[in-house]
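Below: one structure, written as structure tokens.
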Amino acid sequence: MATQHTAKVAAACRLIETAESLPGLEQLARHAGWSPYHFHRVFRAVTGVTPAKYAAAHRAAQVRTKLAGSATVTDAIYEAGYNSNGRFYATADAVLGMKPVAYRSGGAGMEIRFAVGECSLGSILVAQSERGICAIFLGDDAGALVRELQDRFPKATLRAGDRAFEKLVAKVVGFVEAPQIGLDLPLDIRGTAFQQRVWQALRDIPAGSTASYGDIARVIGKPESVRAVAQACAANKLAVAIPCHRVVRTSGELSGYRWGVERKRDLLSRESVIKASSRSK
DNA sequence: GGTTCTCTGCCGC
DNA sequence: GCGGCAGAGAACC
């Protein structure tokens with residue numbers, strides 16, 4: 001039964017990817033032979049995102065590749081399936097993390113600017129690509145953090161951040177100190193589709209709460225993939241912004257943390273204080 | 001400012 | 001497992 005679900009959803013995904021005018025919910029549901037209601041729920045359970053979100057993500061991916069190959073930015077926008085370039089420009093920053101021309105001239109090799117700062121948890125490395133923040137690492141030793149960045153992005157050109165970049169680091173440090181304020185910077189999240197689903201599920205865990213690996217596996221509709229979830233957490237490159245520190249053992253006991261169990265304990269105890277104080281209001 | 005579509009919680013079979 | 005309603009919200013015109 002479950003395999004039939006995934007097969008139908010996969011077919012719907014292909015339909016979204018190949019259709020020139022994007023199909024609506026009703027059309028997709030008809031293809032699967034279900035009501036729009038049911039189709040929507042199954043799609044969400046299997047993929048972790050709603051059909052509309054999936055279509056939007058696909059268009060965003062399309063426009064990125066088209067921007068590299070098309071004669072003009074406008075051509076790329078229409079080729080990717082957006083029906084108005086004005087509308088696209090309005091959301092370009094969210095989709096690309098920058099202006100379309102900047103993305104276009106970004107070229108082949110990824111360029112990453114980075115800087116290391118200090119916060120209450122020790123050293124913190126913040127790195128930014130053309131698309132947004134691509135790494136937040138925590139550690140004791142600045143040199144080790146930079147080496148970790150090199151290991152994680154072996155093909156990228158790393159460039160030390162200038163003074164303007166320090167402001168960005170300060171903003172991220174502020175966020176790490178008080179995660180509940182949120183981080184209003186574009187994130188460059190790169191990973192497999194599975195990892196992305198796990199990371200999205202992590203971001204849905206509110207500050208002050210925790211979840212187990214099994215919980216996350218169930219949320220993304222793959223209850224048997226507990227170990228894969230743990231691996232995806234370990235592959236997280238954005239400390240605190242993707243709160244893998246909120247994942248604990250089923251027993252409630254802290255499991256490992258890439259940046260040290262002590263930091264995990266610190267983060268969680270801070271967040272539980274925040275939750276307690278907001279509840280007493 | 002109105003319409004249309006999407007999304008989710010809840011219920012019924 | 002599947003369908004459907006209500007209601008809110010976003011996108012669109």
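A note on names: the letters A, B, ... follow the listed sequences, proteins ahead of strands, and every chain is numbered from 1.
As rounded to whole Å, 13 Å separates atom P of B:dT6 from atom NZ of A:Lys53. Between the NE2 atom of A:His40 and the P atom of C:dC2 there is a distance of 17 Å, given to the nearest Å. Between A:Lys8 atom NZ and C:dC2 atom C1' the separation is 11 Å, expressed in whole Å.
Between A:Val126 and A:Phe165, the shortest heavy-atom distance links the atoms O-CE2, 3.6 Å. Closest heavy-atom contact between A:Pro51 and A:Leu28: CB-CD1, 4.2 Å. Nearest heavy atoms, A:Ser123 versus A:Glu118: OG-OE2, 3.0 Å.
For the OP1/OP2 pair of C:dC2 and a distance below 4.0 Å, the side-chain nitrogens and oxygens of A:His5 include at least one atom meeting the criterion.
Interface residues of residues 31-39 of chain A facing DNA chain C, ordered by number: A:Trp34, A:Ser35, A:Tyr37, A:His38; criterion, heavy-atom separation under 4.0 Å.
Geometric assessment of A:Arg258 against the ring of A:Phe137 yields a positive cation-pi assignment under the 6.0 Å and 45° thresholds. Annotation: cation-pi geometry not satisfied between A:Arg263 and A:Tyr257 (NZ/CZ under 6.0 angstrom from ring centroid, within 45° of ring axis).
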Heavy-atom protein contacts under 4.0 Å, nucleotides 8-13 of chain C, coded B base, S sugar-phosphate only, - none: ----SS
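Scanning atom types as modelled, one donor and one acceptor separated by under 3.5 angstrom connect the side chain of A:Arg41 and the base of C:dG4.
Here A:Arg14 pairs with A:Ala10, A:Glu17 under the side chain to side chain contact (heavy atoms under 4.5 Å, CB included) rule; sequence neighbours left out.
Aromatic ring pairs are classed by plane angle as parallel below 30°, tilted from 30° to 60° and perpendicular above 60°; the pair A:His38 and A:Trp34 is perpendicular.
Salt-bridge formation is not detected for the pair A:Arg163/A:Glu166: no Lys NZ or Arg NE/NH1/NH2 atom is positioned less than 4.0 Å from an Asp or Glu carboxylate oxygen.
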